[in-house]
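Single-structure report; data block below.
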2 protein chains.
Amino acid sequence: MAGEEQQFLQDYAPREYPSVALTVDLVVFAVTGSTLQAAFVRRGGHPFKGSLALPGGFVGPNEDALTAAWRELEEETGLDLGAHRAHVEQLATYSSPKRDPRMRVVSVAHLALLATDGRTLPALDPGTDSAAAQWLPVYEVLAQETLAFDHREILTAALERLAGKIEYTLAAARLLPGEFALYQLRRVYQAVWNTDKLDAGNFTRKMTGALHDTGRKVARGKGAPAAVFTVRDEYLSPPMIRPAAES
Amino acid sequence: MAGEEQQFLQDYAPREYPSVALTVDLVVFAVTGSTLQAAFVRRGGHPFKGSLALPGGFVGPNEDALTAAWRELEEETGLDLGAHRAHVEQLATYSSPKRDPRMRVVSVAHLALLATDGRTLPALDPGTDSAAAQWLPVYEVLAQETLAFDHREILTAALERLAGKIEYTLAAARLLPGEFALYQLRRVYQAVWNTDKLDAGNFTRKMTGALHDTGRKVARGKGAPAAVFTVRDEYLSPPMIRPAAES
DNA sequence: TCAATAGTGTCTTTCAGACACTATCTC
DNA sequence: GAGATAGTGTCTGAAAGACACTATTGA
């Protein structure tokens, strides 16, 4: 049986059961202030020369897609993942036969959340082989830019996944250091939902139920010092519903 | 550029950037009474001979994964999809290099919801090429059966996806005809969540907000006749939270 | 002192959950 | 009539949203 299948693959795979090139694409999110940013690459060659694209690359012969996503995250951004907390999860697979005009490429898109202090973005190293990766504000890119391949669809799906996920989990804390103040977490929510309608007091009450108060305080320029929290429960119950989109 | 890439693929793809065989696996759900059922195939050959497996098959050269899933749904179950309402969506992609011991197979798993009248299951045609597909109760299978490959993981993910999705959408109605009574919808929820803790009165109040009352009634053996509804809003807001698991 | 911010108090409204109750059907 | 079911009424408690208010900081 096994031998038969392998023989079959060898002889007929390209015709009957075509093999495909497998890649990963990455939507890497990070937050500065109240702005959601993502990592993009400017394409230097055809097709879609000059357009923005998502970082990504081929899946190796002995990797699964998630492992490849972590590797590409490190390679394409030049980030030291030992120093930067990060979270990577699978988003969806894009398999339209014509999504890459050159050949059949099936891509497993991944969502990556990079922890920052909420003020500065991790420096992206251009690396040697790829075009320079750069941080750009997500909502502005979606409003103004042309994206290569089906990367607009992927980016939109990633944003919607993240926006939905922080409704019922503390995934937003993945975009912050292990210890953080509530105003930082609130700014992450505002960045992802692209809104400023979050009442600070109500937000505090809602979140403290799922957080652990370290007892320490953080001084931050003006205003009273904020308490420092860590995540206690990964899930919010009941969930925190997004405010309706601005009119 | 394009020629260069194609040349590259032709020469080096199997070594450097290996191509993979792409398949779809299907988790096909349907409901009878208050029991959630799924379609399974009993494996006739090695590996995992004798174990239950999910239906699936290869993705064709000019198909995307969703199209292949629809085709396999029709082929493997022998269902007439013109007569049966169905909903298919992508679930997740499984790409562990060793998930199939014979060769590298990457599978895009799909979730399929088949509409029934809530009493009888659509007959599954064994077809000619594959082992006979059969309906089996999902929770019993998960408790007792051995599943081939990583199909237990896929089935669990599909169940969780469905259980979560009916919290904030009316996806449960995809398992029913276009017109249905509230007791039918309630049984779908009970089947998916494997619970009997749904209060009929409160369920009615909650759901009628998102449904359209056709004004007609359905007589059903004992009890008062139930009103016939159709879906009006696909989304439930606020969502309907699952009761905590039974202890 | 003043402005800014963190966090609490309070009130209202919404809604889930429990459960009684009525209406309507079959047997 | 008896039993079963559909749907409403009603009460309670939880929690979201609006917003006032206090406390604590830097300038």
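- Ring geometry for B:Trp193 against B:Tyr189 counts as perpendicular: the plane angle is over 60°, on a 0 to 90° scale with 30° as the lower cut.
- B:Trp135 and B:Val28 get closest at one heavy-atom pair: CZ3-O, 3.6 Å.
- Here the side chain of A:Ala224 is nearest to one of D:dT24, C:dA16, D:dA6, namely D:dT24.
- Across the protein-nucleic acid pair, B:Leu185 atom CG and D:dT5 atom P stand 18 Å apart, rounded to whole Å.
- Taking side-chain N and O atoms only, A:Lys206 has a distance below 4.0 Å to OP1 or OP2 of D:dA16.
- Judged by distance alone, with hydrogens and angles left aside, A:Arg205 brings a side-chain donor or acceptor within reach of the base of C:dG9, the pair sitting under 3.5 Å.
- B:Ala227 comes within contact range of the sugar-phosphate backbone alone, with a heavy-atom separation under 4.0 Å but no base atom that close.
- Between A:Leu198 atom CG and C:dA6 atom P there is a gap of 13 Å when expressed in whole angstrom units.
- Between A:Lys217 atom NZ and D:dG26 atom P the separation is 14 Å, expressed in whole Å.
- Side-chain atoms of B:Asn202 come within donor-acceptor range of the base of C:dA18, with a qualifying N/O pair under 3.5 Å.
- When the nearest nucleotides of DNA chain D are assigned to A:Lys222 and A:Ile241 by heavy-atom distance, the more 5′-ward of the two goes with A:Ile241.
- Nearest-nucleotide mapping onto DNA chain C: of A:Ala226 and B:Met240, the residue sitting toward the 5' end is A:Ala226.
- For A:Thr204, the listed nucleotide lying nearest its side chain is C:dT8; candidates were D:dG7, C:dT8, D:dA15.
- The separation between B:Lys197 atom NZ and C:dC19 atom P is 13 Å, rounded to whole Å.
- When all heavy atoms are compared, the tightest approach of A:Tyr94 to A:Ala157 is OH-CB, 3.5 Å.
- For the pair B:Arg186 and D:dA6, the criterion of a side-chain N or O lying under 4.0 Å from OP1 or OP2 is met.
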Enumerate, atom names and distances included, each donor-acceptor pair closer than 3.5 Å involving a side-chain atom of residues 164-174 of chain B, sequence neighbours excluded.
| unit_1 | atom_1 | unit_2 | atom_2 | d |
| --- | --- | --- | --- | --- |
| B:Lys165 | NZ | B:Glu89 | OE1 | 2.6 |
| B:Lys165 | NZ | B:Glu89 | OE2 | 3.3 |
| B:Glu167 | OE2 | B:Arg242 | N | 3.0 |
| B:Glu167 | OE2 | B:Arg242 | NE | 3.3 |
| B:Thr169 | OG1 | B:Lys165 | O | 2.8 |
| B:Thr169 | OG1 | B:Ala171 | N | 3.1 |

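- Rounded to an integer number of Å, the gap from CG of B:Asp199 to P of D:dG7 is 13 Å.
- B:Phe180 places its CZ atom 16 Å from the C1' atom of D:dA6, with the value rounded to the nearest Å.
- Among B:Val41, B:Leu124, B:Leu73, the one residue that satisfies the side chain to side chain contact (heavy atoms under 4.5 Å, CB included) test with B:Pro55 is B:Val41.
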